[in-house]
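Here the structure comes first, spelled out in structure tokens, and everything after it is commentary.
So that the names make sense, note that chain A is the first sequence line, chain B the second, and so on, each numbered from 1.
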Amino acid sequence: MFHWLEKNPFFFAVGIFVVIAYAGVITILPDFMNSARPVVGTKPYTVLQLAGRHVYIKDSCNACHSQLIRPFKSETDRYGMYSLSGEYAYDRPFLWGSKRTGPDLMRVGNYRTTDWHEHHMLDPASVVPGSIMPHYKHMFSNEADIETAYAEALTVKKVFNTPYDEAGMPKLGTFDESKKIVLAEAKAIVDDMKSPEVKEAFAKGKIKEIVAIIAYLNSLK
Amino acid sequence: MEMETIRELQAYGYAFASVFFALILYGYVYHLYTSKKKGGTDYEKYSNMALNDGLDDTPIEKIEPLQEEKQMRSNK
Amino acid sequence: MQSSNMINYDYSVAKLFTIATIVFGIVGMTIGVLIAFQMAYPELNNLAGEYGTFGRLRPLHTDTVIFGFILSGVWATWYYIGQRVLKVSMAESPFLMILGKLHFWLYILGVVAVVVTLFMGITTSKEYAEFEWPIDIAIVIVWVIWGMSIFGLIGIRREKTLYISVWYYIATFLGVAMLYLFNNMEVPTYLVTGLGDWWHSVSMYAGTNDAMVQWWYGHNAVAFVFTVPIIAMIYYFLPKESGQPIFSYKLSLLSFWGLMFVYLWAGGHHLLYSTVPDWVQTMGSIFSVVLILPSWGSAINMLLTMKGEWQQLKENPLIKFMVLASTFYMFSTLEGPIQAIKSVNALAHFTDWIPGHVHDGTLGWVGFMIIAALLHMAPRMYKREIYSKKLLELQFWLQTTGIVLYFSSMWIAGITQGMMWRATDQYGNLAYSFIDTVTVLHPYYTIRGVGGLFYLVGFFMFAYNFYKTMTASKVIGEEPQSTSPMAA
């Protein structure tokens, strides 16, 4: 039987595939069905926060920052309560990261403010002496892509039944309705900021990337 | 299905497949190392496939091309 | 067969992929050295506005090296080894020739799309799977074409039994295909809503599930690219270059299955659930260890192949590269499981020890093996001797020093960082603020950058040597049976 298999590439390939696939099914699938349900109080991101999350991904913040607090005292002392599976229920994709060149950001919203982020993104070393993080001045001139963020929110609502528009959850509505909500949310952040460039743009109804990413970072709690 | 049951099935699936694959693997080891004695294949000869790999070298075990392929090849 | 006297092996596709390997190697490693120095000297982030920051460049580095350099190397060697061990020329089948060329050009198109989108910041953020859905589709097409070309060549072979290297190429094809497909399940948002960027998509999996699938892919698929096809190479090139048959062909066969099990089965013991009877659990654990044992066979087999022939190590730089490669293979397969031990992982996770581990494997094992493979192929593809042995020797020592600097500095950096994160004072408060654990690493980041630079300079020397071999070296008459001819 073995010798026959060595000369029949097709069945040989089937053999390899079965071995690989079986292992995958056994190791992955059951945990999958256990797909964690959201922890009480976990809400999907608002459209502005999602747009900020896209900025976070666009500049690969996750290449240097984790969003996963492990259940060790040294980590909970530094970053707060350890992460629960259910807290990530609306994260598509997950942003745990794999390297902590900078600190964890899972609960950064608890201890940093809009003002802090604004200065930090312009010149990290002025806020944290010795920081090796690059500045992100381009976030003050690039515009956030609200339309794509809305498209994503609507997609997850339709395809994965993410509870937008339900009682106590973020409201989505039509794109026009959503834009109004986004502007109101952005206003609260722009008011706390100093950059004249961002303020001027906002007066014309434009939202810069920096506003969106601060909205996202403030939502991480 | 209850998560308990799934977990249990998973554990059985894992344990028994480990045994099954191990048996096959070591059966294969047994086959490899006894094959020559039993008058079957001498596996070591296959290492010559890398050493004598010119187009003109004789294959270790030759495949006869199908009739039409033979014709196609001789047309060249 | 008389007719076969008139045809020769056709290396045109292998040559194309060889050039691609060298070009992508240079690009990927140059970006790597730049981002290594960015960690020591952050001003280097400002060279090209938003397009030059560490965040944008890091995926470009990993993807260019993995999918550019390594995959091109895998395909260059496949289109070389495949024909030879199956004893059939691609020139015998116009269909396979067209397929091979299509494979190459579509792939190049895909790489260009990847480079452009990653610079623009279009990414799904999943490591080594950053590409958005249109590129994913292109990748699947390229992969399917490769599969057709593998099985097409096998279909017209003259040698009935498949050589061990072919097994490994088949496994690479199947393993990566499955892992890639599952990890990249995503919903294009424009198709659902008609709004926003058309290339944007959202992952089918959320949160913890997404992480699970990603790292099932991240470790296994990358391991499939870093290990399986590279073993395919060493099983052909080391015996061929040294003129020695594999020490034990039988061992090579069974360690193949050992490896198939190790990647997909290892770590599975944590699945054993407590409500299952003890004896089932014990049996499961014991047998999973038994399964994984033979996977070490390959490295041992390679070293034993050189038994009684160690003088070649001194005389032939290609043997030097390959023997050191298999040593690094053993080294990093030992380091991996150590990092997987729970208490070690608690310290090492998220630190620089992890990139350190990856680079032992990629620089030492993968890089050296691909370099040796291309150099072995060169005299046979271009009918010229290798241009300079002296340059090759220098390259070897420079790159080896580079690797040692790289992994030793990252070990120290990783462990220092891990220890400082958890250090407490006498009252149990954290002893260091986060920034303390960053600034302390500056010397190690510098050393790492220098190590990477050494390796890169060595790679440029290789590229130069290779170019000269192609164009200016002495023409040889007959194809060498084993040792590759080279000028002093």
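- Heavy-atom distances place the side chain of A/Asn142, and not its backbone, under 4.5 Å from chain C.
- The parts of C/Thr161 that come within reach of chain A are both its backbone and its side chain, each placing non-hydrogen atoms under 4.5 angstrom from that chain.
- When heavy atoms are compared at a cutoff of 4.5 Å, C/Phe182 does not approach chain A at all.
- Crowding of A/Phe175 atom CZ: a count of heavy atoms from other residues, nucleotides or ligands under 6.0 Å exceeding 12.
- When the candidates A/Gly15, A/Gly102, A/Ala63 are compared by the number of heavy-atom contacts under 4.5 Å with chain C, A/Gly102 comes out ahead.
- Listed here is the closest heavy atom pair of A/Met133 and A/Met121: CE-SD, 3.9 Å.
- The contact between A/Val156 and chain C is made entirely by side chain atoms (from C-beta outward), counting heavy-atom distances below 4.5 Å.
- Side-chain contact annotation: A/Asn62 with A/Gln67, donor-acceptor N/O pair under 3.5 Å absent.
- With sequence neighbours left out, the side chain to side chain contact (heavy atoms under 4.5 Å, CB included) criterion links A/Met169 to A/Lys43, A/Pro44, A/Pro163, A/Glu166.
- A/Phe140 has its ring centre no less than 6.0 Å from the ring centre of A/His135.
- For a residue to count as touching a neighbouring chain, one of its non-hydrogen atoms must lie under 4.5 Å from one of that chain's; by this rule A/Tyr56 does not touch chain C.
- At distances below 3.5 Å, at least one donor-acceptor pair connects side-chain atoms of A/Asp165 with backbone N or O atoms of A/Gly173.
- When the side chain to side chain contact (heavy atoms under 4.5 Å, CB included) test is applied to A/Thr148, the partners found at least two apart in sequence or on another chain are A/His54, A/Asp145, C/Asp197, C/His200.
- With a 4.5 angstrom heavy-atom cutoff, A/Arg78 touches chain C via backbone and side-chain atoms both.
- Residue C/Thr123 touches chain A through both its backbone and its side chain, counting heavy-atom pairs closer than 4.5 Å.
- A/Asp59 touches chain C through backbone and side chain together, each having a heavy atom under 4.5 Å away.
- Only the side chain of C/Trp215 comes within contact range of chain A, with heavy atoms under 4.5 Å apart.
- Salt-bridge annotation for A/Arg92 and C/Asp210: absent, with no side-chain N of the basic residue lying under 4.0 Å from a carboxylate O of the acidic one.
- Between the side chain of C/Gln38 and the backbone N or O of C/Gly52, at least one donor-acceptor pair lies under 3.5 Å.
- No part of A/Ile146 comes within reach of chain C, as not one of its non-hydrogen atoms sits under 4.5 angstrom from that chain.
- Residue A/Thr162: no heavy atom, backbone or side chain, is found under 4.5 Å from chain C.
- The minimum heavy-atom distance between C/Gly82 and C/Leu153, with the atom names listed, is C-CD2, 3.7 Å.
- The contact between A/Pro129 and chain C is made entirely by backbone atoms, counting heavy-atom distances below 4.5 Å.
- There is no contact between C/Phe173 and chain A, counting heavy-atom distances below 4.5 Å.
- Using a 4.5 Å cut-off between heavy atoms, C/Glu43 makes no contact with chain A at all.
- Comparing A/Phe10, A/Phe17, A/Trp96 by heavy-atom pairs within less than 4.5 Å of chain C, the highest count is held by A/Trp96.
- Side-chain N or O atoms of A/Asp77 include none that pairs as donor or acceptor with a backbone N or O of A/Ser74 at under 3.5 Å.
- Not one N or O on the side chain of A/Arg100 forms a donor-acceptor pair closer than 3.5 Å with the backbone of A/Ser66.
- Contact annotation for A/Lys99: both backbone and side-chain heavy atoms come within less than 4.5 Å of a heavy atom of chain C.
- Proximity to chain C is limited to the side chain of A/Lys73, based on heavy atoms less than 4.5 angstrom apart.
- By number of non-hydrogen pairs under 4.5 angstrom with chain C, the leading residue of A/Pro134, A/Gly130, A/Ser60 is A/Pro134.
- Proximity to chain A (any heavy atom under 4.5 Å) is shown, for C/Arg422, by both the backbone and the side chain.
- Taking a cutoff of 4.0 Å between a charged side-chain nitrogen and a carboxylate oxygen, A/Glu152 and A/Arg53 do not qualify as a salt bridge.
- Residue C/Asn46 touches chain A through its side chain alone, counting heavy-atom pairs closer than 4.5 Å.
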